[in-house]
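Have a look at the structure below before the remarks.
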Amino acid sequence: MLISIHDHTLKRVGFLSNDDSETPDFKDDNFHRYLAQGTSTFDFTVNKIKNGVVQDYVQLLNERAYFSFQYEGEDFLFDSVIVEEDDDKITFNCLSLNLEMRNEEVKALKNTVSHNIKWYFDQLGLINFAKISLGINQVKNDTRVINYDSEDTKLARLISVIQNFDAEFEFVTKLKRDGTLDNITLNIYKKNDGGDIQGVGQNRNDVLLSFGENVMGVNRKVEKSQIFNSLYVTGKDGLSWKDSAWSVTNSEGQEEFYKRAGESYAKAPLSAQMFPSQLQSSTGDIFTNKNASTEYTTVNAMWGYALSQLKQYAYPLVTYEVTATSNLTVSSTGDGMPLHIGDTVRIQDKNFIDSDGNVGLFLSARVSELEISFTNPTSNKITFSNYIKLKSEVSDDLTARMQEIINANTPYRPDITSTNGLQFKNGTGTTILGAHIYFGSDDKETIADSYSWTKDGTVVAPTQTITVDASGVSDKAVYSFKATVAGKVVASQSVTITNVDDGTNGRSVTNVSQKWRLTTTTATPTQAWSDAGWLTTQPTTTATNKYLWSITRTTFNLAPLTQDVIEQKAVYGDKGDKGDTGNDGRAGKDGVGIKTTVITYAISSSGTTAPNTGWTSSVPSLIKGQYLWTKTVWTYTDNSSETGYSVTYIAKDGNNGNDGIAGKDGTGIKTTTITYAAGTSGTVAPTSSWTSTVPTVAAGSYLWTKTVWAYTDNTSETGYSVAKMGNTGPTGPAGSNGTPGTNAINIDLSNKSYNFLANLEVSDSGSVMQAVAGSTTTTFTALQGTAAINITALTCTTTLPTGMTVSIGTLNALSVVVTISVDNTMITPNGVLNFSITARGVTTTKSFSYSLAINDLTVINLAAINSNLGNVKNIYSHYNGSGGGTYSGTIEINDENIKITATNDGLMSNI
């Protein structure tokens, strides 16, 4: 697309084009044409900068600029109305027509005489410009009496005058070879009436738009809240039409509207039959009434008003919205021409059925708006209006064409009936098969011209019904029929007749068990279920034993009694790259690994939707005919988690054939196929690249395992599990003396201090602080990056005070519990315990602080306080604020004195 740039005199001064590297290009363009306003808009953006430099052409792109181009053989000239500019780009919003037409106003018009349209143009000065002339004028012989009480713009007044003449219009712009304006022609057409009069554009009988091809959707909205079908009208000063009568029939000869002499209401009887009043009067009146007062001075004017109201409101208001494909705006269609503004087209959508059972919605509509982007055609849009549902008033040719489309695309529905089912037992019995067809949604059978039955592909009868005897069916046989109408096979259907003998008990699942093992390579383990390397509890992957595998044993009631399936469940994430040495270099983040794996089981009647409840850590009692679901939840060291499911059908026993209908053999697992694939998503399984060996998986990607169970009834089911390959940690910033991030071991304690309760006794001989027997625990954990690692050694290196013991929990675990206990011989008021912890060969020291907190204070002799003020003050400084005990009396302490007030041997309340 080549766009001309004009200055304010319309002289061409430059070009815009995306096809020429020498000219500035444009983007975000939208060329929007409007039918109702006879005008167009054009929006686009131009970049100011190329290769970091503001380009010279920017001086041409300003608010005084005009733009023009040629599209589909027509010239379009635009004035820049809004210009937005920033450091990088300039955006133009442009309108066609000139400033005078859009902005200049015309005065009010007082008129009492009927005139033609050109008279109004001249009187109002609407097209008295040198460059605008009147071209086609299909209403030149019509006259109207028009008045205007206020001022308005020339464009608004032009549109109003044309609408008063029941017309529509278009502006046609013609440019000279040098790009300057030659002339603008105003063409006026009679308004489109949905029938013989087209108006702007063409009646494109060659175009039939269809849902699923060039129509993406049709929306039909019906409103009937406004319906009334009986109208009482009075004229000016109470003028009555009671003695008058009128009648209007539709195209099918039915009386659609009438007013009877001697009656006060005009009525729409067809509407009343379709939408009768549900609250009928005592006389059975089915009409919905409405009253209207008018200023009409003749009964004929009153009837005209009533008729227009009934035509508008006696039936539901139906609106349509059609969404067309973006390429329809520029593609050739029908006989080869693209659609233009104002064109009338036909639209069909077979996904609608009306109240009469007619399949398909058929509309005519006009192109009222076109939106075209030269740089992004996928955003093109076409808007339709003037929707009309095509009825009998459509031409015979079009009606025949529509019916031909319906008939050609409406299929017959085939059906086969049987008088005695489709299964014989032990070679006995007969049944009669009947062939039936139905046209579209009809419930009444259509009798075909001929029928043909075949057995296993061989023709056996040219009749509508056939008799099948069990003696002619050894195991199973497929019977098919074809129905022919007008020499064409319009429907066919097949059924399978089976002859079964008494069955044996089916093979079904009785138990499912699972074990795990670790390996150092991606090779699938080959060891049998009984091998000691398979563990009954799930181990944790390590940097050496990276690969976690499971073996699932399914036990059946019949031979073969067991089936083992080996799957890869998880892969240990690789460590991050070692950071360069640095003074303050950050530790590199370790890859994400699996912290825990939780497996639970549940029984469900569905084999496609996982249960919401009932999950247990052990395999529940199996119920035949239902499904055993296995849910695996992997929790990673970054505290994220993912869930995988697998499902196994618990086959029913086959029915015992004695004295009953032959039972179908139970469904068991015939084969199990396991494949692997790498993927970038942890929630959506890959669609390709599945292999029988574990592939190499990039850090941060996912290893998917797909298990396909093929059952003995030739059905199959598929289950998936997924594990994430740990991300490689980022490299730390350069420096010196920095500790490599991959070796950083962090030791954490769940509790780092504790106050043991103690009793304080004050007497003449002094004071005694004794601990109350008790204990506390703290849990040691080791992390390398964000991954939990085993603690291999943990000891307390501090000499313990009398009355205190320390107990170390189980080592070689991700967490170790340490218990610290005291008894009443413990009198040390406070202290610190140092612990030595070893993980991954790195030894670290951590501390735990303890103190005694007063639980109870006893004064044996008040006189003893005087000789023990120092002790009391010392105790106060250490233990002030501890809770516990019941106190009475007071102790007041200041810089020089301690005043103790107590009753008998009561306890002090504040220290």
Side-chain angles (χ1 to χ4, degrees), residues 112-114 138-139 141-147 163-167 190-197 199 222-319 354-356 364 386-396 399:
T112 59
V113 180
S114 184
Q138 293 184 350
V139 296
N141 296 325
D142 298 340
T143 60
R144 297 286 190 276
V145 178
I146 307 175
N147 285 281
Q163 290 177 343
N164 271 281
F165 276 83
D166 298 317
K190 290 183 178 180
K191 184 178 180 180
N192 182 287
D193 64 351
D196 297 331
I197 300 176
V222 180
E223 298 181 69
K224 64 175 188 176
S225 59
Q226 80 295 331
I227 286 181
F228 60 87
N229 37 48
S230 177
L231 182 62
Y232 176 75
V233 179
T234 57
K236 186 175 182 180
D237 300 326
L239 177 63
S240 173
W241 63 355
K242 190 171 184 178
D243 296 331
S244 301
W246 298 271
S247 179
V248 175
T249 58
N250 61 19
S251 59
E252 298 176 4
Q254 299 170 305
E255 187 175 40
E256 189 171 10
F257 307 102
Y258 68 77
K259 160 68 175 67
R260 304 285 190 238
E263 295 181 0
S264 300
Y265 286 87
K267 295 184 177 181
L270 299 182
S271 168
Q273 293 172 15
M274 296 173 62
F275 307 101
S277 173
Q278 299 304 317
L279 300 178
Q280 300 176 10
S281 67
S282 58
T283 61
D285 182 13
I286 62 173
F287 288 89
T288 300
N289 301 319
K290 186 176 181 181
N291 300 333
S293 297
T294 71
E295 293 298 311
Y296 293 111
T297 57
T298 67
V299 292
N300 284 331
M302 293 164 59
W303 166 246
Y305 168 78
L307 185 60
S308 65
Q309 291 294 293
L310 289 175
K311 285 184 177 181
Q312 182 174 0
Y313 296 109
Y315 300 100
L317 298 178
V318 183
T319 57
D354 63 19
S355 58
D356 296 326
S364 71
N386 294 70
Y387 292 100
I388 299 176
K389 184 177 181 182
L390 297 180
K391 301 178 183 178
S392 58
E393 64 267 18
V394 181
S395 67
D396 293 339
T399 300

Counterpart residues, side-chain contact (heavy atoms from CB on, under 4.5 Å), relative to Lys290 (two or more places apart):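 Lys290 satisfies side-chain contact (heavy atoms from CB on, under 4.5 Å) with Phe228, Leu231 only.
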
Residues forming a side-chain contact (heavy atoms from CB on, under 4.5 Å) with Asp243, sequence neighbours excluded: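 Asp243 satisfies side-chain contact (heavy atoms from CB on, under 4.5 Å) with no other residue.
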
Count the heavy atoms belonging to other residues, nucleotides or ligands that lie under 6.0 Å from NZ of Lys191, then report whether that count exceeds 12.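 Check fails, neighbour count at 12 or below.
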
Measure the spacing between [atom1] of [X] and [atom2] of [Y] and express it to the nearest 0.5 Å.
{"X": "Gln226", "Y": "Tyr315", "atom1": "CD", "atom2": "OH", "result": "13.0 Å"}
{"X": "Leu270", "Y": "Asn229", "atom1": "CG", "atom2": "CG", "result": "10.0 Å"}
{"X": "Lys267", "Y": "Asn289", "atom1": "NZ", "atom2": "CG", "result": "7.0 Å"}
{"X": "Asp142", "Y": "Asn164", "atom1": "CG", "atom2": "CG", "result": "12.0 Å"}

Please step through side chain to side chain contact (heavy atoms under 4.5 Å, CB included) for the pair Thr288 and Ile227, ending with a clear verdict. CA-CA 8 Å; Thr288 300; Ile227 286 181; 5.7 Å; no

Identify the two heavy atoms, one from Lys190 and one from Gln138, that lie closest to each other, and give their separation to 0.1 Å.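 So the minimum-distance heavy-atom pair works out to N-OE1, 2.9 Å.
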
Please name the pair of heavy atoms, one in Pro316 and one in Val222, separated by the smallest distance, quoted to 0.1 Å.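 Nearest heavy atoms, Pro316 then Val222: CB-CG1, 3.5 Å.
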
By side-chain hydrogen bond (donor to acceptor under 3.5 Å, both in side chains) - contacts of Gln254 (at least two apart):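 With neighbours one apart ignored, the set is Asn250.
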
Thr297: side-chain hydrogen bond (donor to acceptor under 3.5 Å, both in side chains) partners, not counting sequence neighbours: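 Partners of Thr297 under the side-chain hydrogen bond (donor to acceptor under 3.5 Å, both in side chains) test: none.
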
Side-chain heavy-atom pair [X], [Y] within 4.5 angstrom cut-off:
{"X": "Asn291", "Y": "Tyr265", "value": "yes"}
{"X": "Val139", "Y": "Asp166", "value": "no"}
{"X": "Trp241", "Y": "Trp246", "value": "yes"}

Qualifying salt bridge (charged side-chain N to carboxylate O under 4.0 Å, His left out) pairs, either residue in residues 254-265, two or more places apart: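 Qualifying pairs, neighbours excluded: Glu255-Arg260.
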
Output a table of donor-acceptor pairs, distance under 3.5 Å, between side-chain atoms of residues 302-314 and any protein atom two or more places apart or on a different chain; print 'none' if there are none.
residue: Ser308; atom: OG; partner: Gly304; partner atom: O; Å: 3.4
residue: Ser308; atom: OG; partner: Tyr305; partner atom: O; Å: 2.7

Checking Lys224 against Phe275: charged group under 6.0 Å from the ring centre and within 45 degrees of the axis?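 No, Lys224 does not lie over the aromatic ring of Phe275.
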
